[in-house]
Amino acid sequence: MVPVLRDNLSLDSLARRIRVEAHAAWLCARDPRTPWYARVFGLLIAAYALSPIDLVPDFIPVLGLLDDAILVPAGIWLFVKMVPRELFEEHRAKAAAAAERPASPWGAVIVVVLWILAALLAARLLGFV
């Protein structure tokens with residue numbers, strides 16, 4: 001079961017729960033007790049979840065909400081499977097207690113780089129480069 005879906009399923013509580021889980025992943029990924037492979041994955045998931053930029057823009061019907069509704073919770077679920085349960089619970093409690101979520105300029109940088117790489121690949125495949 002995806003940890004994000006345990007609470008009441010109203011959109012407001014679901015969005016809040018995703019923010020808390022992403023913040024917990026961010027904190028856990030920065031913890032030296034987390035395995036290195038989980039740290040890398042957790043940083044990517046948290047940066048993407050906390051970034052104001054999405055791979056699929058939200059104005060695209062259905063697909064725009066796909067990343068927020070499926071990709072982020074699935075990534076967090078996978079991350080939770082990679083780390084010791086007690087460690088994630090510790091950071092989940094810290095994230096729930098935090099009033100504000102962290103800003104992630106690195107998440108925006110990662111997404112912009114991915115968009116540029118995708119555009120370059122498309123241009124090369126179409127023969128523009």
Side-chain angles (χ1 to χ4, degrees):
M1 175 183 268
V2 177
V4 175
L5 298 178
R6 279 189 253 158
D7 290 345
N8 180 351
L9 290 179
S10 74
L11 286 178
D12 185 42
S13 67
L14 183 60
R16 181 185 182 290
R17 188 68 182 170
I18 289 173
R19 283 194 309 269
V20 168
E21 296 288 320
H23 189 181
W26 175 264
L27 294 172
C28 194
R30 295 177 59 202
D31 191 315
R33 298 173 290 173
T34 303
W36 71 268
Y37 55 89
R39 291 181 84 178
V40 171
F41 186 73
L43 287 173
L44 289 174
I45 291 298
Y48 180 74
L50 300 174
S51 168
I53 302 171
D54 293 336
L55 284 176
V56 181
D58 288 338
F59 63 83
I60 298 174
V62 181
L63 293 177
L65 299 176
L66 185 66
D67 62 343
D68 297 329
I70 295 174
L71 295 179
V72 173
I76 292 170
W77 174 80
L78 186 58
F79 177 73
V80 170
K81 299 293 183 185
M82 293 180 178
V83 297
R85 185 176 190 86
E86 305 80 31
L87 182 63
F88 193 78
E89 290 297 330
E90 173 187 330
H91 291 295
R92 182 182 281 152
K94 287 179 186 177
E100 298 178 18
R101 68 175 200 200
S104 179
W106 288 108
V109 169
I110 290 169
V111 172
V112 168
V113 167
L114 288 173
W115 271 105
I116 291 170
L117 290 174
L120 290 173
L121 178 64
R124 183 166 180 101
L125 290 173
L126 295 173
F128 294 122
V129 177

For this session: Test side-chain contact (heavy atoms from CB on, under 4.5 Å) on F88 and M82 and set out the steps.
Result: CA-CA 10 Å; F88 193 78; M82 293 180 178; over 6 Å; no
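Between the CZ atom in F79 and the OH atom in Y37 there is a gap of 10.5 Å [rounded to 0.5 Å]. Summarising the geometry, atom CD1 belonging to I76 is positioned 11.0 Å from atom CG belonging to L71; distances are rounded to the nearest 0.5 Å. Here the CD-CH2 distance, from E21 to W77, works out to 14.0 Å after rounding to the nearest 0.5 Å.
Checking side-chain atoms of R92 against main-chain N and O of A24 turns up no donor-acceptor pair under 3.5 Å. For T34 (side chain) and C28 (main-chain N/O), a donor-acceptor pair under 3.5 Å exists by modelled atom type.
Placement of L44 and W36 within a single hydrophobic cluster is found when ILVMFWY residues are connected by side-chain heavy-atom separations under 4.5 Å, directly or transitively. Clustering ILVMFWY residues whenever any of their side-chain heavy atoms sit less than 4.5 angstrom apart, transitively, puts V111 in a cluster other than the one holding L121. With hydrophobic clusters built from ILVMFWY side chains whose heavy atoms lie under 4.5 angstrom apart, L117 shares a cluster with V109. Clustering ILVMFWY residues whenever any of their side-chain heavy atoms sit less than 4.5 angstrom apart, transitively, puts V40 in the very cluster that holds L114.
Side-chain contact between Y48 and I110 is absent, with no heavy atoms from C-beta onward closer than 4.5 Å. Residues I116 and L120 are in side-chain contact: their nearest non-hydrogen atoms beyond the backbone lie under 4.5 Å apart.
Closest approach of A22 and A46 over heavy atoms only: O-CB, 3.6 Å. Scanning both residues, V20 and A95, for their nearest heavy atoms gives O-CB, 3.4 Å. Shortest non-hydrogen contact noted between P73 and I18 is CG-CD1, 4.1 Å. The minimum heavy-atom distance linking V83 with A38 is given by the pair CG1-CB, 3.8 Å.
Residues that satisfy the side-chain hydrogen bond (donor to acceptor under 3.5 Å, both in side chains) test with R33, not counting sequence neighbours, are D31, E90.
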